[in-house]
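To find a chain, count down the sequence lines: A is the first, B the second, and so on, and within it residues start at 1. Since the model is a prediction, treat every value here as computed from it, not as a measurement.
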Amino acid sequence: MNTKTIAQANTVSLQGLKKWVLIGIALAFLGLFIVIPLIAVFSEALKKGIELYFASLTEPDALSAIKLTLITAAIAVPVNTIFGVIAAYAIAKFSFKGKNILVTLIDIPFAVSPVIAGLVFVLLFGSQGLLGPFLEAHDIKIVFAVPGIILATLFVTFPFVARELIPIMQEQGTDEEQAGRMLGANGWQMFFRITLPNIKWGLLYGVILCNARAMGEFGAVSVVSGHIRGMTNTIPLHVEILYNEYNFTAAFAVASLLAILALFTLVLKSVVEWKSRKE
Amino acid sequence: MGITIEKVSKAFGDFAAIKDVQLEIPSGDFIALLGPSGSGKTTLLRLIAGLESLDSGKILFNDIDYSNKTVKERKVGFVFQHYALFKHMTIFENIAFGLKVRPFKLRPSNQEIKERVYSLLKFVQLEHMADRYPSQLSGGQKQRIALARALAVEPEVLLLDEPFGALDAKVRQELRHWLREIHEKLNITTIFVTHDQEEALEMADTIVVMNQGQIEQIGSPDEVYHHPVNAFVYRFLGRVNEFIDSENEVTYIRPHEVVLRKSAQGNSVPAKVLHVHSVGSLVRIQLNRLDTNALFEAEVNTEKYQEIGPLKKGDLLYATFSNLVAFGNEQKEALTAIL
Ligand SMILES: Nc1ncnc2c1ncn2[C@@H]1O[C@H](COP(=O)(O)OP(=O)(O)OP(=O)(O)O)[C@@H](O)[C@H]1O
Ligand SMILES: [Mg+2]
């Protein structure tokens with residue numbers, strides 16, 4: 001072997017070394033911050049047996065938290081899906097003044113801390129708030145009640161669908177819609193037969209992420225909820241209360257629901273990505 | 001359907017894309033909008049289709065004002081530059097689309113739709129492609145499907161935006177003949193956009209030469225080629241040599257009109273060969289005028305080349321420029337006024 005090939009072999013093995021070091025770091029990081037905590041959640045939850053696990057999930061306060069979370073998601077996700085599609089459509093397919101402002105506005109929930117978002121609602125709708133006297137006079141309760149939780153969730157999750165769709169729609173342009181128009185399709189036919197099928201995977205992806213966030217949101221919801229047990233607690237808030245009461249097994253049991261949701265979301269997300277790549 | 005375009009203008013912001021265009025298209029005509037990139041060809045086509053709204057002027061179909069009518073009312077078929085086939089639909093569904101979106105009362109039965117789609121597929125010679133998706137077709141096949149889809153709704157006017165722009169030379173040639181045949185069979189008024197002068201000359205009954213949002217000349221291929229009204233049209237329709245004399249007067253001649261000889265004759269000009277290359281049955285020769293030192297090109301067929309050649313760099317020849325044309329400014333204005 002001459003010196004040149006030795007040098008080459010050295011650089012190759014150095015490259016290989018670099019690669020494995022980087023992969024190792026990434027894996028260690030993921031293990032430390034994601035896999036181990038995930039295992040911890042489930043092992044803590046099941047530590048005192050499967051019976052206690054299910055008991056923690058079926059006691060009335062837990063059930064009510066699960067129910068509220070489902071209701072919140074059932075409202076926030078469809079509303080934001082419709083809003084997201086409309087906003088993305090407007091931004092991607094039309095040119096108008098103030099388009100950039102609209103895009104920036106959509107991003108606000110990503111930029112603002114959820115706690116601040118929650119506080120804004122308290123300041124608006126709370127009894128000391130701007131609209132407080134009016135709401136009180138009409139006996140409408142928003143803050144520290146279910147409507148506040150839904151509003152806060154709507155706010156926090158509204159960019160997901162729009163953000164996902166804008167680049168997809170922009171890339172697709174308006175050619176197919178125009179062809180549809182030339183062939184006599186009306187607005188609805190164009191949307192349901194052309195636009196929607198073209199964005200379906202992106203839309204599903206956005207909806208999945210939106211749902212995961214709607215169910216898992218803590219900060220904004222925590223501020224507006226008032227933590228009334230059995231009334232205004234969502235799953236994440238319920239977990240916190242249980243934990244603060246040193247009821248670790250129950251806390252982890254309920255938390256495991258969110259972990260399952262996360263895993264489920266990841267699987268669904270991969271399926272959608274795989275499907276859309278295949279098309 | 002006859003189309004009249006009356007003093008039509010269209011601006012995008014401050015930019016005037018179409019300026020005061022006047023055009024009369026008789027029913028059944030096969031017409032080419034020819035012009036360089038950005039000259040407003042697509043914009044004019046979209047205005048006719050109703051995809052773009054007019055700023056001023058009128059568009060009449062069979063002498064009825066259609067300026068404010070919707071796309072749907074115009075009964076226009078449009079073939080887009082990049083086909084714009086529906087990616088998520090099969091070829092069958094693509095062609096059937098225009099029939100399926102009709103309101104219930106006007107919609108043909110499924111059986112009728114099926115028959116119509118298959119007869120169109122047969123018409124464009126792609127019967128076995130019904131179940132494929134657009135991504136599984138070649139460019140030429142996509143183009144034919146795009147045409148079938150436009151024809152499915154039985155339009156009275158067919159508009160095509162650079163129908164062969166994205167295809168290779170051989171497929172282009174085939175499709176040109178094919179489109180011409182289809183026009184002969186259906187005889188619907190057809191307008192196609194191109195920036196390829198050869199394509200326009202070969203296919204169209206009428207050529208509309210456009211430049212910077214305006215029409216420079218309207219005429220048969222023969223007229224625009226042999227009687228161009230101005231330097232722009234002359235230059236755009238073929239290869240040209242441009243000579244500037246001492247009074248700054250510009251004269252033009254096409255390479256194939258330059259006569260080359262081995263010996264001086266009459267008012268011939270001595271010239272030195274710079275480069276020779278053959279394209280098919282033609283030979284192009286780049287030369288240098290020894291009197292003015294200007295460069296020019298001559299084009300001869302292979303027979304003629306055998307008479308004067310073989311040539312190599314540095315050979316001396318005598319060139320006669322007997323068909324020089326000039327477009328003085330007054331002359332240009334006079335000609336535009338006549339039109
Ligand atoms: N929607 C639009 N907004 C702004 N400007 C436009 C728009 N559509 C066209 N233009 C401008 O109008 C001019 C004419 O455009 P058009 O597309 O009609 O040209 P064209 O002759 O079809 O060119 P090409 O051969 O490149 O397709 C161009 O300068 C173009 O930039
Ligand atoms: Mg164009």
Student: Quick check for you: among Phe86(B), Phe78(B), Tyr133(B), which has the greatest number of heavy-atom pairs under 4.5 Å with chain A?
Tutor: Phe86(B)
Student: Distance-only, no hydrogens or angles: does the His82(B) side chain make a donor-acceptor pair with backbone N or O of Asp175(A) under 3.5 Å?
Tutor: no
Student: At a heavy-atom separation under 4.5 Å, does Leu85(B) approach chain A through its side chain, its backbone, both, or neither?
Tutor: backbone
Student: So what's closer than 4.5 Å to chain A heavy atoms on Arg74(B): side chain, backbone, both or neither?
Tutor: neither
Student: Check whether any side-chain N or O of Glu176(A) sits under 3.5 Å from a backbone N or O of Ala84(B) as a donor-acceptor pair, and report yes or no.
Tutor: no
Student: Is Val153(B) close to chain A through its backbone or its side chain, or both, or neither, when contacts mean heavy atoms under 4.5 Å?
Tutor: side chain
Student: Is Phe80(B) in contact with chain A via its backbone, its side chain, both, or neither, using a 4.5 Å heavy-atom distance?
Tutor: side chain
Student: Glu177(A) versus chain B, heavy atoms under 4.5 Å apart: side chain, backbone, both or neither?
Tutor: neither
Student: State the CE-NZ distance between Met182(A) and Lys72(B), to the nearest 0.5 angstrom.
Tutor: 12.0 Å
Student: Less than 4.5 Å to any heavy atom of chain A: does that hold for the side chain of Lys100(B), its backbone, both, or neither?
Tutor: both
Student: What distance do Arg193(A) atom CZ and Glu93(B) atom CD have between them, rounded to the nearest 0.5 Å?
Tutor: 10.0 Å
Student: Enter the distance from Asn94(B):CG to Leu183(A):CG here, rounded to the nearest 0.5 Å.
Tutor: 9.0 Å
Student: Apply side-chain contact (heavy atoms from CB on, under 4.5 Å) to residues Phe97(B) and Ile194(A) and explain how you reach the verdict.
Tutor: CA-CA 10 Å; Phe97(B) 185 89; Ile194(A) 300 169; 3.7 Å; yes
